[in-house]
Amino acid sequence: MKRYFIKSVILFFVCVASGLDTQAQGINNLDLVIEKKIDSLLSLMTIKEKVGQMTQYNGSFDVTGAPSDIDARTKLEKLKNGEVGSMLNVLTAKATREAQEVVMKNSRLKIPLIFGYDVIHGYKTMFPVPLGESASWDLEALELSAKIAARETAAAGVHWTFAPMIDVSRDARWGRIMEGAGEDPYLNSVIGVARIKGFQGDNLSDDYTIAACAKHFAGYGYAEAGRDYNTVNVGESELQNSILLPFKAASKAGVATFMNSFNEIDGIPATASVHLQRDILKGDWDFKGFMVSDWGSIAELIPHGFAEDKIQAAKLAVVAGSDMDMEGRVYEVAIEQLVSENEIKEELLNDAVRRILRVKYALGLFDNPYKYSDEKREREVLLAPEHLEAARDIARKSIVLLKNEQAILPISKNIKSIAVIGPLADDKDSPLGNWRAQAIKNSAVSVLEGIKNTLSADTQINYAKGASLGIGERSFLMPLKINDTDTSGFADAVAAAKKSEVVILVLGEDAFQSGEGRSQTDIKLKGVQQELLDAVVSVNKNIVLVLMNGRPLDLSRPSDQVPALLETWFLGSEAGNAIADVVFGDYNPSGKLPVSFPRNVGQEPLYYNQKNTGRPSSNMVTYSGYQDESRDALYPFGFGLSYTNFSYGDPEVSDTKFSGEGSIAVSVVLKNTGKVTGKETVQLYIRDLVASRTRPVKELRDFKQIELAPGESSKVTFTINSKTLEFFTSNAKWEAEPGEFEIMIGSNSVDLKTVKITYE
Ligand code: BGC
């Protein structure tokens, strides 16, 4: 014991003295000096201490005051003994400092805690929900919003966010579709990497950066029938080519951590999947960071029917490569026994602990465990004016104009009267979204406020709520009660619409209708909203329908009823101002849908990058379609209008063939044919016509954003090389197969111009 103590004291000082070597960019650049330090630390650690590093506790208790219940007292003792390596949900510079002190002052080896938290779209300053923000297709803006979220998070003492979620999600019924970049693997990859760069910066040990977490590994977005946590059945081709593509990119970008997922894939829960975690992630991709379980997912191996008790669950998860147990309380009760009975080798623990310590070193926590817990910095950084300014900018970039007949939008600021109607029109809370971290309740700018901020006193603004959407208090864990009956506010709404030139009608979802566990079978406007729309449209047809929602909705009926539709998701702190910027023409909308909007929930899962099937079309019934509905989206992936128009020339290729490491250029001339400056996202899709495994009819492979003045044109050029064409082939390799390819360029996944090339 004495020997351990002396060694640990020496080691502690060695660590403190050497601030030199925490410069690794991303987690995959190993720093040999740090690796040596980890070797010596590992040689000092008992099994219990190793298990401690692999254990993460929820921190909803006050560690400084007298513990109020047994559980809190136990937690405190465990912290003191070095039996906890990480905590989640310990917030503020003060609380993180206090919890860190418990460990640093009492534990034998003084290994700092790493604090994690779900910073999904902002810490205090709220940005658009990730699906909405992805509609900007603006990688710089996405990186900036993650960077600001990291600044605020780091200033509040937290080292690590459980984001980005890069689950490819194609089912609007799934409530967590709101949390990712939508249905496309490539878009999820580039957006995931932008967010990782934003959170982690170039240097994890910087005071303003935090570790990111690529989640949920893997397949969580493919839950059958869109029911959260449900079974997933996919084969290796779909797994590699679609689900894993963004994760591969995240690993390559040096993301510090991964989180596994609740679901099973083909009979194996992801948390216990050797194939996913050891073979692919830590093997093929050579990932050097650590894998945290999802909340309790190791314990859930028991109800999955995959482990009979905690002992077996722990064994399966450790062997599979789940390095840290988030609130499952499994590793702490099982691992020592498993090692002593030789059921698992200590090397497995060493590998897991090495990975965890590597991230702690990279964050600079061994140099200064309190470096993030600075109350002065916290006060200066949270909700800084420049953060709100950036939030407004990314919010307006995320808005998608779905319909604009007779150019009803933008509305002139000289308008004499305008009605602002709807349950969400003056809602200051829903725009904050569901994963709202530390946002202050009711702190978003509502649409009504944004409009008032923009218009002068010369315009008469007639506001009426019309109806409420939810009833009673919302709760994070309980379903939202929807108002299905109360129409008593309709008369006021109709009166407001009658006396106004234009109506801004704000409908959609409450923030607590999408998110974890919030799956739905019906994705039409809920409650009495459709009736409210019917009532308003019967007295005034000049309606701009502003939608707030975290998932694609079935808009078939509303979009037939109104001339203008604006998709605004949940845009965060500055929502109302950003919406007003677009409505009154201070910002020309440029967002494009990252997910298909269906005509009917029965089409779900609906996605553009589907397979052709053997029966793609026919004038008879015997083809792959529906008898009662078109098989196409109402608003397709990549779609979004502008206040101007763009024309696309025919694509030109520098050559029609290339081989090996060669490349060709494909160009198109884009012209702004309208009357105002606008930004277009030029999209490039490919189709591999014949392959060793069937390929989708279209696959997004690149895009570029171009801003053009009226009348201006620009040649937009893309490079096509073997990387553009590669996929996970029947050889179980990423490679481009020789043959013919269609290259399609255009404004969305439907309006495309095609040219053929051959890869030899
Ligand atoms: C979610 C994760 C989240 C974790 C911690 C789980 O229920 O699936 O995405 O990071 O909780 O809050």
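Order of appearance sets the numbers: ligands from 1, and atoms from 1 within every ligand. All values derive from a computational prediction rather than experimental measurement.
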request  = Would you mind reporting whether P269 and N263 have side-chain heavy atoms less than 4.5 Å apart?
outcome  = no
Run the numbers for me: atoms of ligand 1, each under 4.0 Å from some heavy atom of [X], listed by number.
{"X": "M259", "answer": "2 (C), 10 (O)"}
{"X": "H216", "answer": "2 (C), 8 (O), 9 (O)"}
{"X": "K215", "answer": "2 (C), 3 (C), 9 (O), 10 (O)"}
{"X": "F162", "answer": "10 (O)"}

message = Test of understanding: given a 4.0 Å heavy-atom threshold, classify the contact between E516 and ligand 1 as side chain, backbone, both, or neither.
response =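 The side chain, only.
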request  = May I ask whether F262 has any heavy atom positioned less than 4.0 angstrom from an atom of ligand 1?
outcome  =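 Heavy atoms of F262 do come under 4.0 Å of ligand 1.
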inquiry  = Just to check, does R176 reach to within less than 4.0 Å of ligand 1 when the distance is taken from its heavy atoms?
reply    = yes
query = Which residue and non-hydrogen atom of the protein lie closest to atom 3 (C) of ligand 1, and at what distance in Å?
reply =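 Its nearest protein heavy-atom neighbour is D118 OD1, 3.2 Å.
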query = How far is atom 2 (C) of ligand 1 from its nearest protein heavy atom, and which residue and atom name does that atom have?
reply =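 Answer for atom 2 (C) of ligand 1: D294 OD1, 3.2 Å.
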key: Geometric class of the F258/F217 ring pair [parallel <30°, tilted 30-60°, perpendicular >60°]   =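 Ring orientation, 0 to 90° scale: perpendicular.
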inquiry  = In terms of relative ring orientation, are Y361 and F366 parallel, tilted or perpendicular, with 30° and 60° separating the classes?
reply    = parallel
task = Check whether the side chains of R151 and Y123 place a donor and an acceptor atom closer than 3.5 Å, and report yes or no.
result = no
Ion pair check, K282 and D323, cut-off under 4.0 Å =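 Salt bridge between K282 and D323, a charged N being under 4.0 Å from a carboxylate O: yes.
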ask   = Charged N to carboxylate O below 4.0 Å: is that the case for E83 and R329?
value = no
Name of the residue among W174, F262, Y222 meeting ring pair (Phe, Tyr, Trp, His ring centres under 6.0 Å) with Y229 = F262
